[in-house]
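Every number for a ligand or one of its atoms is a count from 1 in the order of the listing.
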Amino acid sequence: MSDKTIPYKIYLEENEMPRQWYNVRADMKNKPAPLLNPKTHQPMKAEELEAVFCKELVKQELDDTTAYIDIPEEIRNFYKMYRPSPLVRAYCLEEKLKTPAKIYYKFEGNNTSGSHKLNSAIAQAYYAKQQGLKGVTTETGAGQWGTALSMACSYFGLDCKVYMVKVSYEQKPFRREVMRTYGASVTPSPSETTEVGKRILQAHPGTTGSLGCAISEAVETATSSEGYRYVLGSVLNQVLLHQSIIGLETKTALDKYGITPDIIIGCAGGGSNLGGLISPFMGEKLRGEKDYHFIAVEPASCPSLTRGTYAYDFCDTGMVCPLSKMYTLGSGFIPSANHAGGLRYHGMSSVLSQLYDDGLMEARSVIQTDVFEAAEQFARVEGILPAPESSHAIRVAIDEAMKCKETGEEKTIVFGLTGTGYFDMLAYEKFHNGEMSDYVPTDEDLKQGFDGLPKIG
Ligand SMILES: *Cc1c(COP(=O)(O)O)cnc(C)c1O
């Protein structure tokens with residue numbers, strides 16, 4: 001039994017909090033591939049990107065060389081309201097599992113948006129405000145990103161237009177109302193408010209929507225409205241940069257107690273929390289200073305890293321966004337309606353895709369009933385009701401801890417607990433009622449998505 005010399009929660013003092021974000025691209029030998037113009041297939045120039053995104057964010061997006069980027073004081077002050085997030089030693093889980101492994105989790109759910117997404121939302125809203133914009137547009141799936149962005153926009157007095165995937169809009173009315181509480185306008189997608197929405201509705205009447213489709217609508221609205229830009233809550237390089245706050249705090253907290261993790265685990269949707277958590281550790285690995293075992297965990301129903309292909313693809317269904325080279329299932333891929341656990345995006349951050357392709361990171365897929373089983377096990381011993389997305393990481397953390405039990409190894413495992421699951425009780429209900437199924441796409445299903453990949457010469 002552990003002597004508990006490490007506190008249950010490791011906090012940082014305000015003066016220990018990071019003053020700069022870390023840009024892992026600076027230490028990558030093989031840089032992530034550039035975004036391409038969807039029409040000309042040439043690398044996107046800053047001017048082209050600035051028609052869609054805020055200027056300073058474009059600079060961050062294209063910067064592959066600056067390792068540390070200052071966090072503006074206004075953002076650091078906002079961070080102080082809900083950060084540092086605790087790094088928790090999961091003593092109770094360890095005891096329950098009777099594992100010799102030492103398990104830590106970085107908990108990002110202690111803010112109203114309920115997830116890590118606020119870390120990037122506040123940064124993106126800040127730069128939009130600096131640029132003198134009226135507002136921003138975005139898409140949201142389950143609603144965490146939309147919630148985070150509406151909080152950030154109301155803080156800086158910006159208008160916020162959210163396109164919410166229709167199925168979530170209908171099934172998650174409470175998230176929608178949180179966004180409206182913070183002053184955002186929320187439109188179910190696909191909608192009749194955009195040309196691309198109308199086109200998609202005509203081609204697929206009755207569709208319940210997808211993230212890729214909502215992105216197209218949000219981009220169209222931003223580029224056709226004076227004083228608006230589009231912002232995105234995951235996948236992009238800039239988002240991983242902002243999320244490096246997670247990894248930097250984690251590393252500072254571990255260093256205070258001389259703890260070196262063996263395994264670092266995160267769930268992977270578009271890759272932002274995982275990228276942010278592992279960035280400073282990956283930097284050490286890339287520079288040859290230390291070695292870590294990184295594991296990305298994704299749903300078996302949307303397996304972009306484990307079964308996807310590494311290719312240029314559209315980021316959205318309407319094919320209006322730049323092309324990104326990434327592990328992808330094809331922009332036409334829509335996960336099974338039975339899939340309740342989030343992480344539904346068809347592609348993956350190009351930074352993580354490159355790191356994975358270079359063999360620097362492992363990826364694992366897990367089925368959703370196993371994920372909810374782990375979620376429940378965790379909730380019962382650690383108290384926190386985890387988001388289904390986060391529970392993918394819990395699943396693999398428990399699996400690794402159980403391996404240690406067999407081998408007797410005292411490995412140190414760190415995982416990202418990205419958020420809380422209070423708005424996901426319909427999914428929990430399905431699980432409790434035994435109505436949750438584990439649809440895993442067939443090779444035939446996946447082939448359809450791959451067939452729609454753009455041909456890049
Ligand atoms: C959005 C979200 C994720 C997945 O997004 P990434 O960009 O892959 O981090 C994971 N967990 C929670 C709670 C989320 O809201």
Side-chain angles (χ1 to χ4, degrees), residues 85 105-121 124 138-151 162 164-165 168 172 175 178-179 211 214-215 231-247 264-279 294-299 302-305 315 324 326-327 335 339-353 355-356 361 363 365-366 371 375 378 384-396 415-424 427:
S85 70
Y105 56 91
K106 179 73 168 162
F107 179 48
E108 292 290 321
N110 269 338
N111 68 77
T112 296
S113 80
S115 81
H116 65 288
K117 295 214 170 61
L118 194 54
N119 302 334
S120 183
Q124 298 195 43
T138 197
E139 77 295 328
T140 197
Q144 290 98 318
W145 168 244
T147 311
L149 188 68
S150 60
M151 288 172 70
V162 181
M164 185 168 189
V165 177
S168 304
K172 304 199 170 170
R175 277 234 187 262
V178 179
M179 287 184 252
L211 267 184
I215 295 175
V231 294
L232 179 60
S234 182
V235 186
L236 295 175
N237 300 340
Q238 58 189 268
V239 183
L240 266 73
L241 175 73
H242 306 148
Q243 294 297 357
S244 69
I245 188 86
I246 304 174
I264 305 178
I265 301 166
C267 63
S272 74
N273 87 82
L274 175 68
L277 173 65
I278 69 175
S279 275
F294 302 106
I295 310 176
V297 191
E298 58 185 15
C302 191
S304 47
L305 285 171
C315 294
S324 175
M326 55 187 175
Y327 274 84
H339 173 65
L343 312 174
R344 308 171 66 94
Y345 189 60
H346 65 273
M348 184 56 61
S349 139
S350 59
V351 172
L352 290 187
S353 292
L355 292 168
Y356 178 62
M361 181 176 90
S365 74
V366 288
V371 167
F378 181 82
I384 296 168
L385 181 82
E389 292 91 339
S390 325
S391 306
H392 288 72
I394 299 176
R395 173 73 271 162
V396 169
F415 73 91
L417 188 69
T418 50
T420 46
Y422 304 122
F423 291 104
D424 300 286

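Under a 4.0 Å criterion applied to the non-hydrogen atoms of C267, ligand 1 contributes the atoms 10 (C). Close approach of ligand 1 to S115 (heavy-atom distance below 4.0 Å) involves ligand atoms 13 (C), 15 (O).
Shortest contact from atom 12 (C) of ligand 1 to any protein heavy atom: T418 OG1, 3.3 Å. Taking atom 4 (C) of ligand 1 as the reference point, the nearest protein heavy-atom neighbour is L343 CD2, 3.5 Å. For atom 14 (C) of ligand 1, the nearest protein heavy atom (residue, atom name, distance) is K117 NZ, 2.8 Å.
Taking any N or O of A387, backbone or side chain, none lies under 3.5 Å from an N or O belonging to ligand 1. Taking only nitrogen or oxygen atoms, main chain and side chain alike, S234 reaches within less than 3.5 Å of ligand 1. Distances between N or O atoms of G269 and those of ligand 1 include at least one value under 3.5 Å. Any N or O atom pair closer than 3.5 Å counts here, and E389 shares no such pair with ligand 1. Looking at ligand 1, you won't find any N or O of L274 less than 3.5 Å from one of its N or O atoms.
Applying the side-chain contact (heavy atoms from CB on, under 4.5 Å) test to N111 and every residue at least two apart in sequence or in another chain returns Y82, S113, L118.
The main-chain N or O of A142 is never found under 3.5 Å from a side-chain atom of R344 such that the two would form a donor-acceptor pair. Looking at T140, its side chain does come within 3.5 Å of a backbone N or O of G146 through a donor-acceptor pair. Between the side chain of N110 and the backbone N or O of S85, no donor-acceptor pair lies under 3.5 Å. Under a 3.5 Å cut-off, the side chain of E298 and the backbone N or O of S304 do form a donor-acceptor pair.
Between F378 and L417 the shortest side-chain heavy-atom distance falls below 4.5 Å.
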E139 and L211: side chain to side chain contact (heavy atoms under 4.5 Å, CB included), yes or no, with the steps?
CA-CA 7 Å; E139 77 295 328; L211 267 184; 3.9 Å; yes

Can you give me every donor-acceptor pair (side chain of residues 385-396, partner residue at least two apart or in another chain, under 3.5 Å) with its distance?
from : atom 1 : to   : atom 2 : distance (Å)
E389 : OE2    : Q144 : NE2    : 3.2
S390 : OG     : T418 : N      : 3.4
S390 : OG     : T418 : OG1    : 2.7
S390 : OG     : G419 : N      : 3.0
S390 : OG     : G419 : O      : 3.3
S391 : OG     : A387 : O      : 2.7
H392 : ND1    : P388 : O      : 3.0
H392 : ND1    : E389 : O      : 3.2
R395 : NE     : D399 : OD1    : 3.2
R395 : NH1    : D370 : O      : 3.2
R395 : NH2    : D399 : OD1    : 3.0

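Of all the heavy atoms of A268, the ones lying under 4.0 Å from any atom of ligand 1 belong exclusively to the backbone.
At least one heavy atom of H116 sits under 4.0 Å from some atom of ligand 1.
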